[in-house]
Amino acid sequence: MPQWQGGNNPNYSFGAELLAWLAPDNDQLLIKVPVQAYDGTPLENENGMNGRKQLLEQLEAAQHIIHAHKPDRIVMFGGDCLVEQAPFAYLNERYGGELGLIWIDAHSDLVRIVGYDYGHTLPLGNLLGEGDEEFAKHVKIPLKPENIFMAGLEAPTEQDSEIIQRLGIKTAGTKELMNSTESLKEWIKESGIKHLAIHLDLDVLDPKVFRSLLFANPEAPYNFSAAGTMQMPQLLHLIKQLSEETDVVGLGITEHLPWDSIHLKNLLGEIPILNN
């Protein structure tokens, strides 16, 4: 789902396309969710969210495709983080409202950030029946807060902390998980998680090591929120541990911004002999 409007950044579309191309081949059906391409027109701020109408239409398109196929498992390649609302809401319905969800992300995605009217700040909030009211309406069975574990959260805001404490969501930072994944294993056992979805925002990775991130833009470094600190071997170990503990039925990978490929693509687009 090469959605870009949730982060108001057309580069997310190319990041999603490349991510899907890089993923291992298998015999499963690969479907592209239709997304309105960037045509140079700035997104309108509609009731506190840039591109609200397009995002809602694209959410409904993803829902339509998923419900037409009724899969047992879904992998979603994004795009901005909001692409995960449709698949994870469906999987929670599919597994009787008992889906476990690990949110591997430097950011909570629980709440609207004042002055930052982007839809990709809200997918987890929407899945909990909070977030944005218009988007939360599309979640038939909100996820249970006790079935959510946030991993790799960096510098939570006061709003983040208030919601996490109010709802009783479990969390563990990158440093804690580097020492041990026991807190995750205990959560899976204590909560009786039989089916698990994994949200992977690549922003959880350290931008000094993995460069294809919003935070590593060589032309305009991003300083609005905290960057991730997780290393790739640690991330892989974490996902493998989770896969051993329970049945992983969903995976979303988002926020891929391969700057070198983006700039090379733009360069190739300007070379005369390639465009005659």
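A donor-acceptor contact shorter than 3.5 Å is absent between the side chain of E190 and the backbone of I188. The backbone N or O of T254 lies less than 3.5 Å from no partner atom in the side chain of D203, so there is not a single donor-acceptor pair. A donor-acceptor distance shorter than 3.5 angstrom exists from the side chain of N92 to the backbone of L99, with no hydrogens or angles considered. Looking at Y90, its side chain does come within 3.5 Å of a backbone N or O of P71 through a donor-acceptor pair. Of the possible donor and acceptor atoms, one in the side chain of S191 sits under 3.5 Å from a partner among the backbone N and O of W187. Under the 3.5 Å distance criterion, the side-chain polar atoms of T157 are matched with a main-chain donor or acceptor of D160. N11 places no side-chain N or O within donor-acceptor distance of the main-chain N or O of L257, the cut-off being under 3.5 Å. No donor-acceptor pair closer than 3.5 Å links the side chain of Q36 to the backbone N or O of Q54. In this structure, the side chain of T121 does not engage the main chain of R112 through any donor-acceptor pair within 3.5 Å. Although no hydrogens or angles enter the test, the distance criterion places no donor-acceptor pair under 3.5 Å between the side chain of D109 and the main chain of P123.
Using a cut-off of 4.0 Å between Lys/Arg side-chain N and Asp/Glu carboxylate O, E244 and K240 are scored as not salt-bridged. At a threshold of 4.0 Å, the pair E93-K70 does not count as salt-bridged, since none of the basic side-chain nitrogens sits closer than that to a carboxylate oxygen. A salt bridge does not link K189 with E186: every distance from a Lys NZ or Arg NE/NH1/NH2 to an Asp or Glu carboxylate oxygen is 4.0 Å or more. Ionic pairing of K32 and E17 is present here: one or more N-O contacts between side-chain nitrogen and carboxylate oxygen are shorter than 4.0 angstrom. Comment: D247 engages R73 in a salt bridge, judged by a side-chain N to carboxylate O separation of less than 4.0 angstrom. Using a cut-off of 4.0 Å between Lys/Arg side-chain N and Asp/Glu carboxylate O, E146 and K170 are scored as not salt-bridged.
In this structure the side chain of M150 reaches within 4.5 angstrom of the side chain of L124, judged on heavy atoms. At a threshold of 4.5 Å between non-hydrogen side-chain atoms, the residues S212 and W259 do not count as touching. Here the side chains of K144 and E98 are in contact, with some heavy-atom distance below 4.5 Å. Inter-residue side-chain proximity for L205 and M232 is flagged as met; some heavy-atom pair is nearer than 4.5 Å.
Atom NE2 of H64 sits about 11.5 Å away from atom CD1 of I66, to the nearest 0.5 Å. Taking CG of L127 as the reference point, atom CG of L122 lies at 11.0 Å (rounded to 0.5 Å).
Aromatic ring pairs are classed by plane angle as parallel below 30°, tilted from 30° to 60° and perpendicular above 60°; the pair Y116 and Y118 is tilted. Between F215 and H107, the ring planes lie parallel to each other; the angle is under 30°, not in the 30° to 60° tilted range. Ring orientation note: the planes of W103 and F88 are nearly perpendicular, at an angle over 60° on the 30°/60° scale. Between Y95 and H195, the ring planes lie parallel to each other; the angle is under 30°, not in the 30° to 60° tilted range.
Within a 6.0 Å sphere centred on NE2 of H263, other residues, nucleotides and ligands contribute more than 12 heavy atoms. With a 6.0 Å radius and a threshold of 12 heavy atoms from other residues, nucleotides or ligands, N26 has its CG atom above the threshold. Counting non-hydrogen atoms of other residues, nucleotides and ligands closer than 6.0 Å to CD of E44 gives a total of 12 or fewer. Crowding of D39 atom CG: a count of heavy atoms from other residues, nucleotides or ligands under 6.0 Å exceeding 12.
Side-chain polar atoms of N45 and D117 form a donor-acceptor pair below 3.5 angstrom. Between the side chains of D80 and Q5, no donor-acceptor pair is found at a separation under 3.5 Å. In this structure, a donor-acceptor pair under 3.5 Å is absent between the side chains of Q3 and S13. No hydrogens or angles considered: a donor-acceptor pair under 3.5 Å links the side chains of D105 and H199.
Screening E57, E46, E134 for a salt bridge (Lys or Arg N to Asp or Glu O under 4.0 Å) involving R52 leaves a single residue, E134. Here the options are K140, H138, Q58, the test is side-chain hydrogen bond (donor to acceptor under 3.5 Å, both in side chains), and the partner is Q63; only H138 passes.
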